[in-house]
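Here the structure is laid out as structure tokens; the discussion comes afterwards.
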Amino acid sequence: MAKRLTGLLTPIIAVLLGIIVGTIIMLVSGYDPVAAYTALWNGAFGDIYYVGEVIRQFTPYILAGLAVAFAFRVGLFNIGVEGQFIVGWLAAVWVGVAFDLPKIIHLPLAILASIVAGAIWAFIPGLLKARFRVHEVIVTIMMNYVALHATNYIIRNYLAAKSGDKTEPIHQTASLRSEWLESLTDYSRLHWGIVLAIACCFIMWFLLEKTTRGFELRAVGFNQDAAQYAGMNVNRNIILSMVISGAFAGLAGAMDGLGTFGYAAVKGGFTGVGFEGIAIALLGANSALGVFFSAILFGALKVGSLNMPLEAGVPNELVNIIIALIVFFVASSYIIRVFLDRFNKKGVK
Amino acid sequence: MSLMDILTIVVPSTLLWAAPLIFTALGGIFSERSGVVNIGLEGLMVVGAFTAIVFNLTFVGTFGNATPWVALVVAMIVGGVFSILHAVASITFRADHTVSGVAINLLATGLTLFLVKMIYDKGETGIIKESFSKIDIPILKDIPIIGEIFFQNTYWTSFLAIIVAVIAWYVVFKTPFGLRLRSVGEHPMAADTMGINVTKMRYLGVIISGALGGLGGAVYAQSITSNFSHATISGQGFMALAAMIFGKWHPLGALGAGIFFGLAQSISIIGSSLPFLKEIPSVYLLIAPYVLTILALTGFIGRADAPKASGTHYIKGSR
């Protein structure tokens with residue numbers, strides 16, 4: 001019971017500390033924190049339109065968070081979600097542009113393409129880890145940049161419309177957009193992807209907690225040697241976990257490719273979704289439910305922050321600072337636990 | 001266009017692009033040799049670039065021609081101080097090094113852009129007036145052929161990077177400090193029993209990496225971009241990380257890798273004006289550093305092994 005409570009308290013304390021330090025930064029730099037946080041709230045929940053945008057924003061966040069969390073549970077750090085996200089985005093858009101099919105085939109095909117692309121992109125570091133014991137962190141970082149430059153090259157040279165640096169819009173038959181959802185939220189860019197994202201939360205939970213394969217994956221995450229001794233194939237599980245992680249990340253790319261934007265553009269730098277995914281997975285303690293809730297928090301922060309310069313004159317980068325601080329505090333949860341333990345002991349006396 | 005002409009264009013340009021990578025990669029070596037993984041190099045470069053540009057814009061009236069050099073020193077100090085966050089989190093608070101590094105990167109971009117908007121009321125700074133400009137190295141420039149290729153139309157910072165790399169090699173491999181640093185990164189418990197303060201050595205390793213990362217960012221901003229915005233540092237830190245690994249955690253290896261990656265970067269930009277090279281799609285040059293690093297790690301190009309205790313926490317008394 002006490003352990004569970006601490007487990008829940010740590011992320012909450014980390015978020016509070018992040019907000020407190022954010023407040024201090026605003027006070028020091030002469031901004032009004034109350035006005036800023038009010039603007040943040042209004043920008044996320046003040047209007048049904050903003051609510052729709054928040055949901056749209058956290059749809060890929062859920063999937064990116066699941067991708068990082070899934071690998072974490074098997075003891076791997078997939079820092080390459082960003083790259084898998086980008087290739088998934090491009091693959092989905094490519095299928096969306098290149099084929100003329102009825103919706104019932106076209107949309108699933110485009111989604112499948114994103115999943116396969118992400119999975120392949122993550123298979124490489126998984127294979128290198130399993131076969132050559134190469135650290136997956138470094139390989140996935142390098143793969144991110146390869147993905148960025150390679151997709152830019154493909155878009156610019158093979159898929160770009162006449163304007164030069166983005167593809168044609170995808171066909172309606174491959175789109176996740178929904179006029180009904182849009183009209184429901186005062187014409188935000190809300191799309192059907194959210195249903196897929198929630199379904200993936202269930203899939204991850206079911207796969208890890210309720211299947212033999214999931215038990216093996218978790219066992220490898222807890223102790224590779226013990227898993228090996230128990231007769232599990234550690235290498236196969238490492239590769240499998242990276243492939244599933246990459247599949248989630250690729251699907252996240254389809255959310256933006258088929259839902260929010262409906263095209264793929266040449267990117268000057270990373271989208272950041274993959275890195276937010278790391279923060280989301282950490283804050284959500286790598287569980288499907290935790291990822292879901294922390295994705296909502298990050299989506300609300302991101303969308304709400306856009307209102308801060310307008311209403312309170314505070315640069316929206318403040319939210320990025322707060323997110324970074326939350327990551328710091330979650331990562332340093334050891335010290336938070338130490339304090340909580342001290343506090344508890346004093347309470348007993 | 002003769003070979004000579006090509007070399008006189010390519011060599012200075014390579015060295016220009018290589019210098020920031022070399023500085024930052026050397027920083028990574030100090031941190032990783034002490035056993036702390038530093039994914040935050042990118043963020044440290046961002047902080048260095050930001051500091052240098054803001055200092056340069058603000059104090060150009062006071063220091064005149066010397067401004068870029070003073071800005072380098074200031075950026076080193078700020079980078080070193082900023083990296084203490086990483087040290088506190090990953091050494092004292094026992095945070096996962098990679099996670100803490102990711103946080104450093106997020107915090108650096110968030111904080112610097114926040115400050116840019118606060119100070120200048122827009123998303124980017126103005127262009128600095130005093131930047132590192134092309135020079136001819138005295139005396140050496142008169143050497144026939146070599147002088148023309150290596151010492152004319154070049155930058156002081158490139159040569160500073162090479163000198164610093166040699167110094168770093170001497171410090172890491174030929175001094176008691178370097179031996180202690182490496183021992184803490186290979187086997188902290190053995191080092192501790194010999195009376196070496198593991199925590200102190202690791203803090204020093206991280207702070208030196210912060211200073212060198214800040215230096216790398218400052219050089220980049222003041223010789224290549226001349227202003228600061230969200231796009232100033234876009235992946236150079238990770239490329240420096242790649243150079244560190246490709247150079248097998250060795251200062252001179254990092255020097256070589258830095259120059260090689262600098263060549264790839266500069267050709268991807270100036271290649272279109274050169275014969276032969278303009279046939280190569282620039283994407284291959286852009287991804288070459290990353291692909292080569294993966295291959296090096298895999299063992300296809302000589303095996304690269306990290307310091308043994310890199311990424312682990314040293315908890316006194318635990319085995």
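Values below: every heavy atom of this structure, side chains too, minus hydrogens, waters and symmetry copies.
Heavy atoms closer than 4.5 Å to chain B are found in both the backbone and the side chain of A/Leu318. When heavy atoms are compared at a cutoff of 4.5 Å, B/Thr293 approaches chain A solely by way of its side chain, counted from C-beta outward. Looking at B/Ala231, there are no atoms closer than 4.5 Å to chain A (heavy atoms on both sides), in backbone or side chain. Proximity to chain B (any heavy atom under 4.5 Å) is shown, for A/Ile326, by neither the backbone nor the side chain.
With values rounded to the nearest 0.5 angstrom, A/Ile25 atom CD1 is found 6.0 Å from B/Leu111 atom CG. Separating the CZ atom in A/Arg337 from the CZ atom in B/Arg94 is a distance of 10.0 Å, to the nearest 0.5 Å. Atoms NE2 and CD, on B/His230 and A/Glu317 in that order, are 10.0 Å from each other to the nearest 0.5 Å. The line from OH of A/Tyr334 to OG1 of B/Thr92 is 9.5 Å long, rounded to the nearest 0.5 Å. From A/Asn316, atom CG reaches atom NZ of B/Lys117 across 4.5 Å, with rounding to the nearest 0.5 Å. Between B/Ser310 atom OG and A/His135 atom NE2 the span is 7.5 Å, to the nearest 0.5 Å.
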request  = Decide yes or no on side-chain contact (heavy atoms from CB on, under 4.5 Å) for B/Leu106 and A/Asn320, but give the supporting numbers first.
outcome  = CA-CA 7 Å; B/Leu106 292 173; A/Asn320 295 349; over 6 Å; no

query = Going through the checks in order, is the side-chain contact (heavy atoms from CB on, under 4.5 Å) test met by A/Phe77 and B/Val99?
reply = CA-CA 9 Å; A/Phe77 196 160; B/Val99 175; 3.7 Å; yes

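The interface of residues 298-315 of chain A with chain B, defined by heavy-atom distances below 4.5 Å, comprises A/Val314, A/Pro315. Within residues 139-154 of chain A, the residues that have a heavy atom under 4.5 Å from a heavy atom of chain B are A/Val139, A/Ile141, A/Met142, A/Met143, A/Tyr145, A/Val146, A/His149, A/Ala150, A/Tyr153, listed by number.
Heavy-atom pairs under 4.5 Å with chain B peak, among A/Val330, A/Leu282, A/Ile278, at A/Leu282. Contact count versus chain A (heavy atoms, under 4.5 Å) is highest, among B/Asp96, B/Leu286, B/Thr109, for B/Leu286. No other option in B/Val291, B/Leu241, B/Leu85, B/Thr112 has as many heavy-atom pairs under 4.5 Å with chain A as B/Leu85. Highest contact tally toward chain B, considering only A/Val319, A/Ile138, A/Ile124, is held by A/Ile138 [criterion: heavy-atom pairs under 4.5 Å].
Contact between A/Ile321 and B/Gly110 at its shortest, heavy atoms only, is CG1-C, 3.6 Å.
Among residues at least two apart or in separate chains, side chain to side chain donor-acceptor pair (under 3.5 Å) pairs with a member in residues 26-37 of chain B are B/Glu32-B/Trp249. Among residues at least two apart or in separate chains, ring-ring contact (aromatic ring centres under 6.0 Å, His included) pairs with a member in residues 84-127 of chain B are A/Tyr31-B/Phe114, B/His97-B/His313.
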